[in-house]
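Scope of the values below: all heavy atoms of this structure, side chains included, with no hydrogens, waters or symmetry mates.
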Number of protein chains: 2
Amino acid sequence: MLPPHLVSPRTLQRLPLYVSYLHSLPKDALYISSTEIAAQLGLHPVQVRKDLAAVGAQGRPRLGFEVQTLLRLLTTYLNGGTQHSAVLVGMGHLGRALAAHLGFAHYGFTIQAVFDNDQNLVGSRLAGYEVQKMENLVPLCQTLKPAVGIITVPAEEAQGVCDLLVQAGVRVIWNFAPTHLAVPKDVTVQDEDIAASLALITKQILGQQPSLVPISRKEESVRDGIL
Amino acid sequence: MLPPHLVSPRTLQRLPLYVSYLHSLPKDALYISSTEIAAQLGLHPVQVRKDLAAVGAQGRPRLGFEVQTLLRLLTTYLNGGTQHSAVLVGMGHLGRALAAHLGFAHYGFTIQAVFDNDQNLVGSRLAGYEVQKMENLVPLCQTLKPAVGIITVPAEEAQGVCDLLVQAGVRVIWNFAPTHLAVPKDVTVQDEDIAASLALITKQILGQQPSLVPISRKEESVRDGIL
DNA sequence: GGAATAACGATATTTAATTATCGATATATT
DNA sequence: AATATATCGATAATTAAATATCGTTATTCC
């Protein structure tokens, strides 16, 4: 019943994809098969079954998986049943987009405070949050104890902001600045590197790279049937 | 001399990381070793050497790799020596952030046109681009023939925009909307899924997932020495 | 009610990616 | 000039991920 304690990172990253696909299903759909999910998402049916098994889902022969049960399993697994707290530093366009987006609490995150060093922004309300001045960052974080610090400042300022967050006790950093951050080894940084994605895109354009979802000999016939 | 024609996706995604790290080096640094790069970026030295070898770099025993040569090899490999064209649809906060960001042409991309369906935005200049109305999308794309279509509209509108881009002949889609897009099989979609990243972040918080950069038995001593 | 079948779940195989090992080399040091 | 050593580059071993295979099951159709 309980999902195994170690789900591979690759599987983990696909889980939200299933959630979004399940949401797109007509309301009266009771069951969905791994075959169908795979065909729609361009994945391999066996991979889908393994991914779903990882969160403890079980299907029925000939029918597939119960949609609502599956959704529940996935979402509770993904946010661990609890809401996580975060602070966001840098209320430029990217920061505002993220703040508004994550504001949709169904991602399991709650933004507790947002910061910026622009005096014109400090004190104003953006995306529903009152922008705090940078001087408040360390003291506020020390009391709020956010689980994550989100960095959406220019590359040049990112390391400084990171240091402040670390100093304030934040141990997980989500870095959107296009630069590498040095942190103590008990702190983890997850880089959201657009350059890495661009690299893939570029190779897609040049057609020199294999597709991200490589088509195997066996699957070809299946995929041909999609469209 | 010429880089091998197939660089693995994982390697490809790390290349920009090396670029950014090399840029952060002091100007008078002539050589850099894979050992040092690995230590700073939290990677394995062998992996770094293999990655660099993939773009044709060669180092010197005891010294490492010539910084400037390495940078040149990486950047020319990454953008294939040419500039790529793109159009961007959706000039909300995310769209503006991307437009401004990619405007820095050193990513090898040129944004040819930006679109939005908000009449208040159409005609205005944002991030240096004059916002076009949606009606212009298909005809403009047919003449401009952009290599990539970037989608930064709300999830509900993404499929419609995607269909228009496909109709206009765009064959590579970079999708920032949190939804899965259905496309003909000669079109590739790269999803920039924030939910997938969030999934990793959440597991980081819960401490249930292995680190993204797992620490091997052998490397532990090296990493301990970083800080 | 019985046969046909679509889909599951478990196991095995294959492929990709990472990490380890080690000889060769060129620089620095004595 | 000789020696010690840091680093490379190549190959081998390991680990992780994806895909294939196949027996089982429960539904549907006859």
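Note: CG (Leu15(A)) to P (dA17(D)) measures 13 Å, nearest angstrom. Protein atom CG of Leu6(A) is 10 Å distant from nucleotide atom P of dA17(D), rounded to whole Å. Atoms CG (Leu12(B)) and P (dT18(C)) sit 12 Å apart, rounded to a whole Å. Residue Arg10(A) contributes atom CZ, which lies 13 Å from atom P of dA16(D) at whole-angstrom precision. Put simply, CG on Asp51(B) is 11 Å from P on dT19(C), counting in whole angstrom units. One atom, CG of Leu30(A), and another, P of dA26(D), lie 19 Å apart when rounded to the nearest Å. Between the P atom of dA16(D) and the CD atom of Gln47(B) lies a distance of 14 Å, rounded to the nearest Å. Rounded to whole Å, atom P of dC8(D) lies 12 Å from atom OH of Tyr31(B).
Considering only the side chain of Ser33(A), dC8(C) comes nearest among dA18(D), dA17(D), dC8(C). Of the candidate nucleotides dC8(C), dT18(C), dA18(D), dC8(C) has the atom lying nearest to any side-chain atom of Thr35(A). With dA20(D), dT7(D), dT5(C) as the choices, the nucleotide that has an atom nearest any side-chain atom of His44(A) turns out to be dA20(D).
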Name the pairs: protein N/O against N/O of nucleotides 9-12 of chain C, kept only if under 3.5 Å.
{"unit_1": "dG9(C)", "atom_1": "OP1", "unit_2": "Gly59(A)", "atom_2": "N", "d": "2.8"}
{"unit_1": "dG9(C)", "atom_1": "OP1", "unit_2": "Gly59(A)", "atom_2": "O", "d": "3.3"}
{"unit_1": "dG9(C)", "atom_1": "N7", "unit_2": "Arg49(A)", "atom_2": "NE", "d": "3.0"}
{"unit_1": "dG9(C)", "atom_1": "O6", "unit_2": "Arg49(A)", "atom_2": "NH2", "d": "3.3"}

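Both Leu63(A) and Arg14(A) lie near DNA chain D, and the one whose nearest nucleotide falls closer to the 5' end is Arg14(A).
Remark: the Arg62(B) side chain and the dT7(D) base include no donor-acceptor N/O pair separated by less than 3.5 Å.
Only one option out of Leu98(A), Val153(A), Leu88(A), Asp193(A) pairs with Phe176(A) in a side-chain contact (heavy atoms from CB on, under 4.5 Å); it is Leu98(A).
Ring centroids of His84(A) and Phe109(A) are separated by less than 6.0 Å, placing the two rings close together.
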**OP:** Go through Leu78(B) and Thr202(A) one step at a time and tell me if the side-chain contact (heavy atoms from CB on, under 4.5 Å) criterion holds.
**Re:** CA-CA 7 Å; Leu78(B) 277 173; Thr202(A) 302; over 6 Å; no
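Side chain of Gln190(A) to backbone of Ser197(B): a donor-acceptor contact under 3.5 angstrom is found.
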Subject >> Dot-bracket encoding of pairs in DNA chain C, which uses [ ] for pseudoknotted crossings and | for another strand, Watson-Crick or G-U under 3.5 angstrom >> reply: ||||||||||||||||||||||||||||||
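Expressed to the nearest 0.5 Å, how far CG of Leu15(A) lies from CG of Leu74(A) amounts to 6.0 Å. A distance of 11.5 Å separates CD1 of Ile32(A) from CG of Leu63(A), quoted to the nearest 0.5 Å. Annotation: the span from Glu192(B) atom CD to Trp174(B) atom CH2 amounts to 6.0 Å, rounded to 0.5 Å.
Looking at heavy atoms from C-beta onward, Val48(B) lies out of side-chain contact with Val46(B) at the 4.5 angstrom threshold. A heavy-atom distance below 4.5 Å is not found between the side chains of Leu198(B) and Pro16(A).
Across all strands, Ser34(B) comes closer than 4.0 Å only to sugar-phosphate atoms, never to a base (heavy-atom distances).
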